[in-house]
*Asks:* 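This is the structure I have questions about; it appears just below.
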Amino acid sequence: MKNITVKINGEEKTLDIEPRLLLVHLIRENLSMTGTHIGCDTSSCGACTVLLDGKSVKSCTVLAVQAHGKEITTIEGIAAPGEMHPLQEGFKENHGLHCGFCTPGMIMRGMELLERNPNPTEDEIRWGISGNLCRCTGYNNIVKAIQYAGAKMRGDELPDTEPEFV
Amino acid sequence: MDDKHKIQCKTSKAISGMGHSMKRKEDARFVKGAGNYVDDVKLPGMLYMDIVRSPFAYAKIKKIHTEEALKIPGVVAIVTGKDLEQYNLHWMPTLMSDTQMVLPTDTVMYQAQEVAAVIATSRYAARDGREAVMVDYEPMKPVIDPFKALEPDAPVLRTDKEGQDSNHIWHWEAGDKEKTEKIFNEADVVVKEQMHIPRIHVASIETCGCVADYNKVENHLTMYMTTQAPHAIRTVIALVAGHVGLTEEKVRVISPDIGGGFGGKVPVYPGYVIAIAVSFLVGKPIKWIEDRSENLQADSFARDYHITAEMAATKEGKILGTRFKILADHGYTDAAANPSKYPTGLFSIGTGSYNYDTAFMEADAIYTNKPPGGVAYRCSFRVTEAVHAIERITDRLAQEIGKDPALLRLENFIKKEEFPWKSPTGWEYDSGDYEAGLLKAMEVINYDELRVEQAEKRAKGELMGIGISTFTEIVGAGPSKDFDILGIKMFDSAEIRVHPTGKAIARFGTKSQGQGHETTYAQIIAEELGIPAEHIQVEEGDTDTAPYGLGTYASRSTPTAGAAAAMAARKLRDKAKKIAAHLLEVSEDELEWEPGKFFVKGAPEKAKTIQEIVFAAYTNHPQGMEAGFEATHYYDPPNLTFPSGAYICVVDIDNETGEIKIRRFVAIDDCGHIINPMIVQGQVHGGLTQGMAPAMYEELIYDEEGNILNGTFMDYLVPTAVESPNWETGHTITPSPHHPIGAKGVGESPTVGAPPAIANAIVDALSHLGVTHIDIPITPHKVWKILREKGVA
C-alpha cells in the first residue's frame with residue numbers, strides 16, 4: 001500500500017491505496033465521486049477526463065500515485081451546487097448532450113481547451129475534443145456548447161440557442 | 001414551402017406544449033455529473049464479478065483450473081457452467097426463442113464467449129482472479145464464412161439442438177415470387193448488385209452491466225441493469241426463475257440512467273444471468289460491469305446481411321419490381337431482438353418510397369462461430385439493411401439508364417394523394433409527401449449547381465460526388481395483432497397523476513437512454529392539459545412504479561407511449577370538463593377548451609383554469625364522481641408509423657490518396673408533428689454520425705480462425721468530432737393520420753437514411769470510371785485501390 005495526499009475539488013484527502021490503482025478508480029470508488037465515467041479500456045473515449053493540476057488527463061491512464069501532491073478537478077468541482085459553470089450551461093442550453101455519459105469528460109476537456117484558446121474556431125474545437133467520443137449527438141451541438149461557453153467566459157454576447165432546423 | 005410544413009405551437013412558451021424547443025429537464029443532473037448510471041450503484045456488502053472469456057472461436061473445454069485463482073486474496077468464488085447446471089441455469093432462451101449458453105459445460109462457440117465467472121471483494125481482485133483461472137481447450141476448426149457454413153461438408157455447429165442437421169436456422173419470404181420473376185423476365189432493364197451490410201456494434205459509450213441484489217430474508221431480487229426494456233426483463237426473470245421462488249412480485253428491475261442504448265441493451269446477456277444466480281446463492285449484491293473490449297467482442301452485433309439486390313424497370317426509368325435475396329449471419333445463436341413473427345424484422349419495408357406493385361424478398365439465416373446477435377441498432381428491426389439495398393439499387397438503375405438520380409426518384413415516388421399506400425409486401429404506409437422532402441433538400445443544397453460543378457471538376461480530373469437517399473422508415477411496433485416479443489404484446493403505457501396543486505408526475509413503460517423523454521413526454525401532456533411542462537415530472541425504468549410496457553427501441557416510444565400520454569391526458573381533460581361544468585354551474589356542452597382552461601362559450605371571463613379544476617378534484621368534486629385526478633392508458637397502435645426523409649450528401653475525393661471528405665450533408669426529415677424541434681434535430685445529428693460510421697469507418701472484422709481483429713476502441717473506429725461534418729438539417733411535416741398527436745418517431749431515420757446517401761455520393765464520384773458499387777464501409781484504402789485499378793491514382 002502507498003500513502004498519498006491529493007487535493008480534489010479543493011479538498012485535501014490522504015489515503016492508503018494499492019500502487020496499481022488507477023486515478024479514475026480512486027475518484028469513483030475511493031472518493032465516491034461518480035460524475036467521472038469509464039467508457040473504454042484503451043484511453044480512447046475520454047469519458048474519464050479530469051483536470052490534473054489544470055491539465056486535462058484521461059484518468060483511466062494515470063495511476064493514482066501519480067496524482068500524489070497534485071490537484072484534481074472533476075465535474076463535481078467546477079461549479080457550486082445549484083450553480084453552473086459556463087460550459088455546463090452551454091451544454092444544457094445548446095442540447096449538447098443526449099445520454100449524458102460522455103458529457104462530464106467533454107466538459108472537462110472543454111475547460112482546458114477554453115483556458116488555452118478562449119475564442120476557438122469550429123475546427124479548433126473539433127480537433128480539441130477529438131480525444132473524446134460521443135455516440136449520441138453527432139457533435140454539432142457540442143461544438144455550439146463550447147462556443148457558447150467561450151462567449152460567456154469572454155463576456156461576449158451569447159449566441160442564439162434556437163435550433164437551425166429549417 | 002407549404003405552410004402545413006411549418007411548426008406551429010398551440011400553447012404558450014410558459015406551458016411549452018408541442019412545437020416548443022424546450023431545454024431538456026434531464027440535463028440539469030447530467031451536466032453536473034449527478035446522473036445515476038449502473039456503475040454508480042454501490043450497495044453494502046457488494047461483491048464484484050469478472051468474466052473469464054474464450055480465446056478460441058470453437059473449442060472443447062477439457063478442464064477449468066480454479067485452484068490458483070481461489071488462493072488470491074479477495075477472490076470469493078468461481079462459477080462455471082457445471083455449477084449452474086446443478087440449478088438448470090446453464091442455458092437460457094434468446095428473445096427469438098433460440099437458445100444460448102449462460103456458461104458452457106463442454107464447448108465454446110465463439111471468441112470472447114463467457115467461460116467462468118470470478119466473484120471477489122473488489123474489482124481488482126476479481127480481475128486478478130480472472131487472469132489466474134486456467135482453462136485447457138481443445139481447439140476445433142471454426143466456421144466463420146456464412147456461405148461456407150451452408151456447404152454440405154461444413155460441420156454442424158449446433159449439435160445441442162435436436163433435429164438440427166445443418167447450419168441453416170430459418171428461411172423467410174415476402175411478396176410474390178412468380179409475379180416478380182415474370183416482371184424481371186420481361187423488363188427492358190434489370191440491374192443487380194451484391195452488397196454486404198457489415199457486422200457492426202452499437203458501441204454506446206456506457207457498456208453493459210448490472211447490480212443483482214437478492215435479499216434472502218425478503219426473498220426479493222432488485223436488479224439494477226442497463227436495460228431498454230425493464231418490464232419485459234422482469235417477466236422473463238420470473239418465467240425463468242419462478243421455480244426457485246422468484247415470482248414476478250418478488251422481482252424489481254430498475255433501469256437507472258443509461259449511457260446510450262441503441263438496441264444493444266435490449267438482449268439478456270449471460271453476465272446478467274450469472275450475476276442474478278450468484279446473488280441468489282450467496283445472498284449478497286453482485287456488481288458486473290463489462291469493459292469496452294468485452295462489450296465490442298461479445299455483446300450483440302448488428303447488421304451482417306449479405307444481400308443480392310435487383311431492380312427491374314422500363315428503359316425510361318419506371319420502376320417495375322425489386323427482388324432481394326439475403327444471407328443473414330447470426331453467429332452462434334439467433335439473438336436478434338425482433339418481434340416474434342418477424343425473423344428479418346421489418347426488412348420488407350425495402351420496397352421503399354416508390355410506386356410499383358411487384359416485389360419478392362427472401363432470407364436464410366445461418367449459424368457461424370461468431371458472437372450472437374442481430375440487434376436492431378438504432379433501426380426499427382433491419383430497416384437499415386433494407387433501405388441500403390433499395391436506395392443503392394435505385395441509384396444503380398439511374399446510372400444504368402443515364403438518368404439523374406433525383407429525377408428518377410421524383411418520377412417514381414408514391415404521391416402524397418396516394419396514401420394510405422399498400423406496399424407490395426403488405427404494409428399500409430400511413431402518410432407521406434416524399435416529393436416535398438426531396439425538393440426541399442435539393443433547394444437547400446443547391447442541387448442543380450452542384451451537378452454543374454461536378455461536370456466541370458470531372459473535366460479537370462477532380463473527383464466529386466453527390467448522393468441521394470429518399471427513404472421510408474417503419475416504426476412504432478406495434479399493433480398487438482401482429483407484434484409481440486416472447487408472446488408479450490407490444491403496446492405501451494402512460495400513467496398520469498396530477499397533485500392537488502396542479503403539478504404532475506407521469507410514468508411510462510418505456511425507458512429513455514438519451515432521447516429526452518423527461519422533456520418530450522411532459523410536453524405532450526402539457527399540450528393536452530395545459531399544465532406547464534416544467535411542472536410535469538416524468539419517471540421511467542422502475543418496474544415497481546411504472547406501468548407495464550415493452551420499452552424503448554425501434555423508435556417506438558413516441559408512437560406508442562407518447563400516444564398513451566396523449567390518451568391518458570385526454571381522459572383527464574374529459575374529467576376536467578365535468579368538474580369545470582360543476583364549478584361554473586353550466587352544462588358541459590356550454591364549455592370550450594383552450595390550453596390551460598375551460599371557459600363558457602361567449603363568456604370567456606367565466607373560466608376555470610386546469611389548476612383550479614384539479615384542486616377541486618381533491619377539495620370540491622361533484623357528488624358521485626370519483627375523487628382525485630389521475631389516469632392510465634395502455635395504447636395499442638392501430639398501425640405502424642412511416643417517417644421518411646430526403647438526404648443529399650456531397651463528397652470530395654482526393655484522387656491520389658482516396659481520402660473522402662463529406663463537404664455537405666443536408667437531411668430533411670418528416671416525422672409528422674414535432675414535439676420538440678431542438679430534440680428532433682439533435683436526434684437527427686446523432687443518427688447521421690451513426691449512419692456515417694458504417695458507411696465509412698466501422699466494421700467488426702474476423703479472421704478465418706474467428707479472431708476478432710478490431711475488438712477495442714483503438715481499432716474499432718467510432719467517428720470523432722473531426723470526421724463528423726457539420727450536419728445541416730430540416731423538416732417537412734406530414735402527420736400520421738392514426739396517431740393521437742400525428743407524430744411518427746424520428747430517432748432512427750438518420751441512421752437508416754445516411755449510409756446509402758454517403759455510399760451513393762462516393763459511387764457517384766467514381767461512376768464515370770465504370771464503378772457501380774462499393775461495399776460499406778467505404779474506406780480511403782478501398783477507393784485508392786479502385787483508383788489504382790482504373791489508372792487514376
*Asks:* So, taking the atom named OG in Ser32(A) and the one named CG in Asp40(B), what distance separates them when rounded to the nearest 0.5 Å?
*Replies:* 10.5 Å
*Asks:* Any side-chain heavy atom of Gln513(B) sitting closer than 4.5 Å to one from Cys99(A)?
*Replies:* no
*Asks:* Would one find more than 12 heavy atoms of other residues, nucleotides or ligands at under 6.0 Å from atom CD of Glu157(A)?
*Replies:* no
*Asks:* Looking at Asp41(A) and Ser293(B), would you say the former's side chain and the latter's main chain have a donor-acceptor pair under 3.5 Å?
*Replies:* yes
*Asks:* Between Tyr124(B) and His25(A), is the gap from one ring center to the other below 6.0 Å?
*Replies:* yes
*Asks:* Quick one, Leu97(A) and Arg24(B) - any side-chain contact, counting heavy atoms below 4.5 Å?
*Replies:* yes
*Asks:* Could you tell me which of Glu164(A), Arg135(A), Arg126(A) has the largest number of non-hydrogen atom pairs under 4.5 Å with chain B?
*Replies:* Arg135(A)
*Asks:* Would you mind telling me which of Met84(A), Arg28(A), Glu18(A) has the largest number of heavy-atom pairs within less than 4.5 Å of chain B?
*Replies:* Arg28(A)
*Asks:* Any idea which of Val202(B), Ile674(B), Leu688(B), Val684(B) has the most non-hydrogen atom pairs under 4.5 angstrom with chain A?
*Replies:* Val202(B)
*Asks:* Please work out whether the ring planes of Phe165(A) and His731(B) are parallel, tilted or perpendicular, with thresholds of 30° and 60°.
*Replies:* tilted
*Asks:* Quick check on Thr161(A) against chain B: is it the side chain, the backbone, both or neither that has a heavy atom closer than 4.5 Å?
*Replies:* both
*Asks:* Are there over 12 heavy-atom neighbours, none belonging to Lys661(B), within less than 6.0 Å of that residue's NZ?
*Replies:* no
*Asks:* Drop me the distance from Asn726(B)'s CG to Lys144(A)'s NZ, to the nearest 0.5 angstrom.
*Replies:* 9.5 Å
*Asks:* Is Arg154(A) atom CZ crowded by more than 12 heavy atoms from other residues, nucleotides or ligands, each under 6.0 Å away?
*Replies:* yes
*Asks:* Highest number of heavy-atom pairs under 4.5 Å with chain A: which of Gly33(B), Gly686(B), Ala721(B)?
*Replies:* Ala721(B)
*Asks:* When rounded to the nearest 0.5 angstrom, what distance separates CD in Gln690(B) from SG in Cys136(A)?
*Replies:* 7.0 Å
*Asks:* Tell me, out of Glu723(B), Arg123(B), Arg378(B), who's got the most heavy-atom pairs with chain A below 4.5 Å.
*Replies:* Arg123(B)
*Asks:* For chain A, which of Pro719(B), Ala34(B), Gly35(B) has the most heavy-atom pairs under 4.5 Å?
*Replies:* Pro719(B)
*Asks:* I'd like to know which of Thr103(A), Ile142(A), Asn94(A), Asn141(A) tops the heavy-atom pair count under 4.5 Å against chain B.
*Replies:* Asn141(A)
*Asks:* Determine the minimum heavy-atom distance between Phe101(A) and Tyr37(B), stating which atoms define it.
*Replies:* N-OH, 3.4 Å
*Asks:* Would you confirm whether Gln88(A), through its side chain, and Val31(B), through its main-chain N or O, come within 3.5 Å as a donor-acceptor pair?
*Replies:* yes
*Asks:* So for Leu22(A), is it side chain, backbone, both, or neither that comes closer than 4.5 Å to the heavy atoms of chain B?
*Replies:* both
*Asks:* Between Arg29(B) and chain A, with a heavy-atom cut-off of 4.5 Å, which part of the residue counts as in contact: side chain, backbone, both or neither?
*Replies:* neither
*Asks:* Considering all heavy atoms of both residues, which atom of Ala28(B) and which atom of Lys92(A) are nearest to each other, and what is their separation?
*Replies:* N-CE, 4.2 Å
*Asks:* Heavy atoms, side chains only, cut-off 4.5 Å: are Ile75(A) and Lys32(B) in contact?
*Replies:* no
*Asks:* Is it the side chain or the backbone of Ser724(B) that comes within 4.5 Å of chain A heavy atoms, both, or neither?
*Replies:* both
*Asks:* Taking Val444(B), Ile679(B), Val680(B), Ile668(B) one by one, which has the highest count of heavy-atom pairs under 4.5 Å against chain A?
*Replies:* Ile679(B)
*Asks:* Looking at Asp128(B), Ile7(B), Thr207(B), which has the largest count of heavy-atom pairs under 4.5 Å with chain A?
*Replies:* Asp128(B)
*Asks:* With heavy-atom distances below 4.5 Å as the criterion, would you say the side chains of Glu206(B) and His37(A) are in contact?
*Replies:* no
*Asks:* Examine whether an atom of Glu29(A) lies under 4.5 Å from a heavy atom of chain B, and if so say whether it belongs to the side chain, the backbone or both; otherwise answer neither.
*Replies:* both
*Asks:* As an exercise: rank Thr42(A), Thr34(A), Asn140(A) by heavy-atom pairs under 4.5 Å with chain B and give me the winner.
*Replies:* Asn140(A)
*Asks:* What part of Ala203(B) lies closer than 4.5 angstrom to a heavy atom of chain A: side chain, backbone, both or neither?
*Replies:* both
*Asks:* Heavy-atom count around Glu122(A) CD within 6.0 Å, excluding the residue itself: above 12?
*Replies:* yes
*Asks:* Show the numbers, then the answer: is there a side-chain contact (heavy atoms from CB on, under 4.5 Å) between Lys440(B) and Val166(A)?
*Replies:* CA-CA 10 Å; Lys440(B) 183 168 180 176; Val166(A) 295; 4.2 Å; yes
*Asks:* Evaluate the criterion side-chain contact (heavy atoms from CB on, under 4.5 Å) for residue pair Glu93(A) and Lys23(B); output intermediate values, then yes/no.
*Replies:* CA-CA 6 Å; Glu93(A) 292 299 308; Lys23(B) 307 300 180 194; 3.4 Å; yes
*Asks:* Below 4.5 Å from any heavy atom of chain A, which atoms of Asn36(B) appear? Answer side chain, backbone, both or neither.
*Replies:* neither
*Asks:* What option among Ser130(A), Cys45(A), Pro104(A) has the most heavy-atom pairs under 4.5 Å with chain B?
*Replies:* Ser130(A)
*Asks:* First locate atom CG of Leu133(A), then atom OG1 of Thr689(B), and finally report the distance between them rounded to the nearest 0.5 Å.
*Replies:* 11.5 Å
*Asks:* To the nearest 0.5 Å, what is the distance between NE2 (His685(B)) and NE2 (His95(A))?
*Replies:* 9.0 Å
*Asks:* CG/Asn295(B) to SG/Cys40(A) distance, rounded to the nearest 0.5 angstrom?
*Replies:* 11.0 Å
